[in-house]
Amino acid sequence: MNEKQLQQMTSKKGFIAALDQSGGSTPKALRLYGIPEDKYSTDDEMFDLVHEMRTRIIKSPSFTGEKIIGAILFEKTIERKIDDKFTADYLWEEKGIVPFLKVDKGLQPEANGVQLMKDIPTLDELLKKGIEKHIFGTKMRSVIKSANEEGIKAIVAQQFDIAKKILSYGLIPIIEPEVDIHSVDKEKCEEILKKEIFANLDKLDKDQKIMLKLTIPSVEGFYSDVIAHDNVLRVVALSGGYTRADSNKKLAKNPGLIASFSRALTEGLNVDQTQKEFDDLLEESIDGIYQASIK
């Protein structure tokens, strides 16, 4: 593990950029960027376009380690290059940003009020590839729809079980059991989730460090005790469908919780903007998210 990266993820002020849209979510990301689905006809063309979008974001002057401490990438992104460097190397060597890799393969159908992750049959190969491409850690997402104790217990158990394998490779896992912001019993979901998180954290060895990516809680400061846990390197927040303004407002009321936004980060960016328009809007976005993350 890169000790300088570990130190940055442990204590540096800033937030994590989520640039990890994969096969299922890429068309929506491109559509929001101003590229409709009739502009490409194959997956290869689609991934070329999204890499161009990500490259434009990453190369933008404000996208640096000054305010962004880490970035989450998709598997195809770490295989591609920016200016003759693999993306993860470009992020760290040119921008001072710690690279993470999304490893989940999407969600199972809803059962017991949750969507577990699909099996990841190629996880070992993916982790080896991540190490080869100088990835610091990983991220994997599942979703909680309602306050079903059995379902939430299963989600957290699955996340921690896979996290232990990731830890065995010397990588830091980001565990993401997202609570749907539209859940009618969101606050109750979060209460059950926190109980299960603690039950699993307490089973880790003292040297096993993980990160958590959680929905901004309904109760302000609700995850303060999770943030303070010895086995937790950092707790980051997803935007979950909130606008950037709402995400920042809610995040700022949760000291110690930092952003890991995707849609909220790129909100308003468009393929047809001039470079100055694009850079100015991205800088405004980064500044706002940074300020909300250091409250």
**Q** Please confirm whether the ring centroid of Phe136 lies under 6.0 Å from the ring centroid of Phe100.
**A**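 So the answer is yes for these two rings.
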**Q** Between Lys67 and Asp287, is there a side-chain N and carboxylate O pair less than 4.0 Å apart?
**A**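 Yes, charged N to carboxylate O under 4.0 Å.
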**Q** After noting the C-alpha distance and the side-chain angles of Asp124 and Lys165, does the key distance pass the salt bridge (Lys or Arg N to Asp or Glu O under 4.0 Å) rule?
**A** CA-CA 9 Å; Asp124 288 286; Lys165 170 170 270 196; 3.0 Å; yes
**Q** Tell me which one of Ile166, Thr77, Leu126 satisfies side chain to side chain contact (heavy atoms under 4.5 Å, CB included) with Leu101.
**A**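 It is Leu126, the one option of Ile166, Thr77, Leu126 that forms the side chain to side chain contact (heavy atoms under 4.5 Å, CB included) with Leu101.
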**Q** Could you check whether Ser11 and Gln7, counting side-chain N and O atoms only, form a donor-acceptor pair closer than 3.5 Å?
**A**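 Side chains of Gln7 and Ser11: no pair found under 3.5 Å.
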**Q** Charged N to carboxylate O under 4.0 angstrom, Lys81 versus Asp89?
**A**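 Not counted as a salt bridge, because no side-chain N and carboxylate O are separated by less than 4.0 Å.
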**Q** Looking only at atom types and distance, does a side-chain atom of Gln8 sit under 3.5 Å from a main-chain N or O of Gly96, one as donor and one as acceptor?
**A**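 At least one qualifying donor-acceptor pair exists.
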**Q** Sort out for me which residue in Leu193, Val179, Asn112 forms a side chain to side chain contact (heavy atoms under 4.5 Å, CB included) with Ile152.
**A**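 Between Ile152 and the candidates, side chain to side chain contact (heavy atoms under 4.5 Å, CB included) is satisfied uniquely by Leu193.
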**Q** Check for me whether Lys102 meets the cation-pi criterion with Phe74, that is, NZ or CZ under 6.0 Å from the six-membered ring centre and within 45 degrees of the ring axis.
**A**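 Ring-cation test returns no.
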**Q** Could you work out, with side chain to side chain donor-acceptor pair (under 3.5 Å) as the rule, every residue matching Asn200, not counting sequence neighbours?
**A**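 With sequence neighbours excluded, Asn200 shows a side chain to side chain donor-acceptor pair (under 3.5 Å) to no residue whatsoever.
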**Q** Using a strict cut-off of less than 4.0 Å between a Lys/Arg side-chain nitrogen and an Asp/Glu carboxylate oxygen, indicate whether Lys129 and Glu79 qualify as a salt bridge.
**A**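 Yes, this pair counts.
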**Q** So, applying side chain to side chain donor-acceptor pair (under 3.5 Å) with Ser142, which one of Gln158, Gln115, Gln159, Gln108 is it?
**A**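 When side chain to side chain donor-acceptor pair (under 3.5 Å) is applied between Ser142 and each of Gln158, Gln115, Gln159, Gln108, only Gln159 qualifies.
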**Q** Give a yes or no answer on whether the side chain of Asn254 reaches the backbone of Leu257 with a donor-acceptor pair at less than 3.5 Å.
**A**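 Judged by distance alone, no pair lies under 3.5 Å.
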**Q** Answer yes or no: is there an ion pair linking Glu110 with Lys145, defined by an N-O contact shorter than 4.0 Å?
**A**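 So Glu110 does not pair with Lys145 through a salt bridge.
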**Q** Quick one: do the Asp202 and His229 side chains pair a donor with an acceptor below 3.5 Å?
**A**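 Present: a donor and an acceptor within the cut-off.
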**Q** Would you call Lys105-Glu75 a salt bridge at under 4.0 Å N-O?
**A**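 Result for this pair is yes, salt bridge flagged.
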**Q** If we count only N and O atoms by modelled type, under 3.5 Å, do the side chains of Asp44 and Thr42 hold a donor and an acceptor together?
**A**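 No, no side-chain donor-acceptor contact under 3.5 Å.
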**Q** Below 4.0 angstrom, N of the basic side chain to O of the carboxylate: do Lys186 and Asp180 qualify?
**A**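 Salt bridge between Lys186 and Asp180, a charged N being under 4.0 Å from a carboxylate O: no.
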**Q** Any side-chain donor-acceptor pair under 3.5 Å between Arg56 and Tyr33?
**A**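 Short answer, yes.
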**Q** On a heavy-atom basis, which atom in Glu176 and which in Leu238 lie closest, and how many Å separate them?
**A**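 Closest approach of Glu176 to Leu238, heavy atoms only: OE2-CD2, 3.2 Å.
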**Q** Indicate yes or no for a side-chain donor-acceptor contact from Lys95 to the backbone of Tyr90 under 3.5 Å, with no hydrogens or angles considered.
**A**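 No, because the side chain of Lys95 does not come within donor-acceptor range (under 3.5 Å) of the backbone of Tyr90.
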**Q** Would you mind checking if Asp83 and Lys59 are paired as a salt bridge, meaning a charged N to carboxylate O distance below 4.0 Å?
**A**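 Result for this pair is yes, salt bridge flagged.
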**Q** Counting only N and O atoms by type, is there a donor-acceptor contact under 3.5 Å from the side chain of Asp185 to the main-chain atoms of Ala147?
**A**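 Confirmed, Asp185 side chain pairs with Ala147 backbone.
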**Q** Would you call Lys250-Glu220 a salt bridge at under 4.0 Å N-O?
**A**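 No salt bridge links Lys250 with Glu220.
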